[in-house]
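Have a look at the structure below, then the notes.
Since we're looking at a predicted model, the values are computed, not measured. Along the sequence shown, the residues carry numbers beginning at 1.
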Amino acid sequence: MSEDELVARLKAYEGRRAAVSGRGRDPVNAPMIRHWCEAMGDTNPAYAGPDAIAPPTMLQAWTMGGLSGHEGRTGDYDELLALLDEAGCTSVVATDCEQEYLRPLRPGDEITFDTVIESVSGRKTTKLGTGYFVTTRTDVRVGHTLVGTHRFRILKYAPARRKKPEQPARRPRPVVNRDNAGFWEGVERHRLLIQRCTDCATLRFPWLPGCNNCGGPGWDTVEASGEGTVYSYVVMHHPPFPAFSPPYAVALVELAEGVRMISDVVGVPYDKVRIGMPVRLEFQMYDEELVLPVFRVREEEAV
């Protein structure tokens with residue numbers, strides 16, 4: 001199929017109904033409004049109390065059909081997506097939405113809606129790949145009154161092939177400034193230095209220009225013993241970064257001195273790292289310039 005033929009077939013779906021006389025699964029209700037506001041951190045008093053309204057941005061939430069979907073779907077939208085799949089545009093990403101609010105929704109309102117395939121773009125090339133933008137428009141009503149309009153746009157695309165780097169990527173360089181230069185100078189000499197306030201003797205990490213405890217500007221350093229335990233950790237799967245090969249563990253290590261720092265844990269597979277695991281400091285060379293402090297699991301814990 002030529003590009004012109006494909007575009008013509010796609011454009012034929014413009015104006016077709018994707019949903020007719022769909023109904024909200026539940027009336028607008030206070031529990032969902034409360035959950036939404038808690039999740040968004042929205043404390044607007046208009047959304048609580050006997051005269052509460054629903055947050056306008058919840059408009060789409062009242063139209064969602066859950067895993068079972070809505071009875072009002074026509075099938076045209078699924079046909080359009082299947083046609084794009086056949087053309088190699090097998091990936092999808094939501095790009096943006098536009099909403100228009102005509103009157104507030106209140107608990108007890110029962111909504112109905114109709115959805116139309118408003119537009120299908122021509123072929124577009126993006127960083128993700130080449131594909132087509134599909135826009136739907138949903139008109140939301142209470143009774144016969146139009147209360148809002150929701151436009152939703154996706155990109156159906158064929159993923160771009162990623163070029164493999166000719167040379168392995170280097171690890172990112174640390175940002176060295178006047179506040180932390182002493183720390184990195186210590187790392188170059190294979191010493192892990194912790195700041196200590198000269199006024200109250202509080203240890204602090206990472207390095208800061210003043211004391212968190214008393215605010216004093218004076219400081220000296222103590223050298224860490226290198227002993228520590230895994231206080232917490234995460235396993236990174238996505239997104240991938242150059243010079244890193246996921247999955248890998250990133251740990252928050254509590255040093256014997258009481259401060260904590262983020263670093264790699266080496267010596268065990270990523271899925272064997274555990275909270276409370278004893279580790280010991282070592283310095284690892286990543287290239288001819290970069291040395292970083294990492295923590296190796298003790299031999300008795302690595303088996």
Indicate yes or no for a side-chain donor-acceptor contact from Thr74 to the backbone of Arg17 under 3.5 Å, with no hydrogens or angles considered.
yes
Heavy-atom nearest pair, Ser2 first then Glu5, reads N-OE1, 3.0 Å
message: Quick one, Trp62 and Val28 - any side-chain contact, counting heavy atoms below 4.5 Å?
response: yes
Derivation of the side-chain contact (heavy atoms from CB on, under 4.5 Å) call for Arg141 and Asp114: CA-CA 9 Å; Arg141 292 180 172 83; Asp114 299 289; 3.4 Å; yes
| So, the side chain of Thr115 versus the backbone of Ala19: is there a donor-acceptor pair under 3.5 Å, distance only? | no
To the nearest 0.5 Å, atom CE of Met64 lies from atom CZ of Arg25 at 13.0 Å
With heavy-atom distances below 4.5 Å as the criterion, would you say the side chains of Phe133 and Thr95 are in contact? yes
4.5 Å side-chain heavy-atom contact, Leu81 and Ile154 = yes
Decide, yes or no, whether a salt bridge links Glu98 with Arg153 under the criterion of side-chain N to carboxylate O below 4.0 Å.
yes
inquiry  = Please tell me whether Leu192 and Leu292 are part of a single hydrophobic cluster in this structure, the criterion being side-chain heavy atoms less than 4.5 Å apart.
reply    = yes
Are Leu102 and Leu105 in one and the same hydrophobic cluster, where Ile, Leu, Val, Met, Phe, Trp and Tyr link if side-chain heavy atoms are under 4.5 Å apart? no
Which side-chain N or O atoms in residues 205-215 pair as donor and acceptor under 3.5 Å with protein atoms at least two apart or in another chain?
{"from": "Trp207", "atom 1": "NE1", "to": "Leu193", "atom 2": "O", "distance (Å)": "3.0"}
{"from": "Asn213", "atom 1": "ND2", "to": "Thr202", "atom 2": "OG1", "distance (Å)": "3.4"}

So CG of Leu281 and CD of Glu223: to nearest 0.5 Å the spacing works out to 9.0 Å
In terms of heavy-atom contacts, Lys272 and Val268 come closest through CB-CB, 4.2 Å
Taking every heavy atom of Asp264 against every heavy atom of Ala249, the minimum-distance pair comes out as OD1-O, 4.2 Å
Rounded to the nearest 0.5 angstrom, the CD-CZ distance for Glu118 and Phe152 is 14.0 Å
Taken to the nearest 0.5 Å, the spacing of Met32 CE from Asp26 CG works out to 8.0 Å
Shortest non-hydrogen pair, Ile117 vs Ala18, comes out as CG1-CB, 4.3 Å
Chi angles and distances behind the side-chain contact (heavy atoms from CB on, under 4.5 Å) call for Asp109, Val147: CA-CA 11 Å; Asp109 284 343; Val147 296; over 6 Å; no
Worksheet item: Should the heavy atoms of other residues, nucleotides or ligands under 6.0 Å from CZ of Arg161 be counted, would the total exceed 12?
Response: no
Are the side chains of Tyr157 and Thr126 in touch, meaning some heavy atoms are under 4.5 Å apart?
no
- Does the pair Lys156/Asp85 count as a salt bridge with the N-to-O cut at 4.0 Å? yes
message = Show, in sequence, the C-alpha distance, side-chain angles and deciding distance for Arg171 and Phe244, and conclude whether the side-chain contact (heavy atoms from CB on, under 4.5 Å) test is met.
response = CA-CA 8 Å; Arg171 281 256 181 161; Phe244 294 84; 3.2 Å; yes
query = Would you say Leu83 and Arg9 make side-chain contact, with heavy atoms under 4.5 Å?
reply = yes
For this session: Verify the cluster assignment for Leu10 and Leu155: are they in a single hydrophobic cluster under the rule of side-chain heavy atoms below 4.5 Å apart?
Result: no
Just wondering, more than 12 heavy atoms not from Lys11 lying within 6.0 Å of its NZ? yes
| message | Taking the side chain as everything from C-beta on, heavy atoms only, tell me whether Phe295 gets closer than 4.5 Å to Met261. | response | yes
Near Arg189 CZ, under 6.0 Å, is it more than 12 heavy atoms from other residues, nucleotides or ligands?
yes
Q) Do the non-hydrogen side-chain atoms of Asp199 and Pro217 ever get within less than 4.5 Å of each other? A) yes
Report task. Kindly indicate, with the supporting measurements, whether the criterion side-chain contact (heavy atoms from CB on, under 4.5 Å) is fulfilled by Val134 and Leu84. Result -> CA-CA 10 Å; Val134 179; Leu84 288 166; 4.0 Å; yes
Notebook entry, point to check: In terms of hydrophobic clusters joined by side-chain contacts under 4.5 Å, are Val116 and Leu80 together?
Noted result: no
message: Taking atom CZ as the centre, does Arg34 end up with more than 12 heavy-atom neighbours from other residues, nucleotides or ligands that are less than 6.0 angstrom away?
response: yes
A side-chain contact here means heavy atoms from C-beta on lying under 4.5 Å apart; do Val291 and Trp184 qualify? no
Hey, is the main chain of Thr149 close enough, under 3.5 Å, to the side chain of Asp139 for a donor-acceptor pair?
no
For Ala158 and Gly88, the nearest pair of non-hydrogen atoms, with its separation, is CB-O, 3.2 Å
Donor-acceptor pair, Arg196 side chain versus Asp220 backbone, under 3.5 Å? no
Here the gap from Leu203 atom CG to Glu257 atom CD, rounded to the nearest 0.5 Å, amounts to 7.5 Å
### Task
Output yes when a side-chain donor or acceptor of Arg191 lies under 3.5 Å from a complementary backbone atom of Glu188, and no otherwise.
no
Here the pair of heavy atoms bringing Pro293 nearest to Val187 is CD-CG1, 4.0 Å
| Path from Ile275 to Val266 over hydrophobic side-chain contacts below 4.5 Å | yes
What side-chain donor-acceptor pairs closer than 3.5 Å can you find for residues 36-61, not counting sequence neighbours?
{"from": "Asp42", "atom 1": "OD1", "to": "Asn44", "atom 2": "N", "distance (Å)": "3.0"}
{"from": "Asn44", "atom 1": "OD1", "to": "Ala46", "atom 2": "N", "distance (Å)": "2.9"}

* Ignoring hydrogens and geometry, is there a side-chain-to-backbone donor-acceptor pair from Asn180 to Asn177 under 3.5 Å? -> yes
Result block: side-chain N/O donor-acceptor pairs under 3.5 angstrom for residues 228-242, not counting sequence neighbours:
{"from": "Tyr231", "atom 1": "OH", "to": "Arg260", "atom 2": "NH2", "distance (Å)": "3.3"}
{"from": "Tyr233", "atom 1": "OH", "to": "Val273", "atom 2": "O", "distance (Å)": "3.2"}

d(Glu14 CD, Arg16 CZ) to nearest 0.5 Å is 11.0 Å
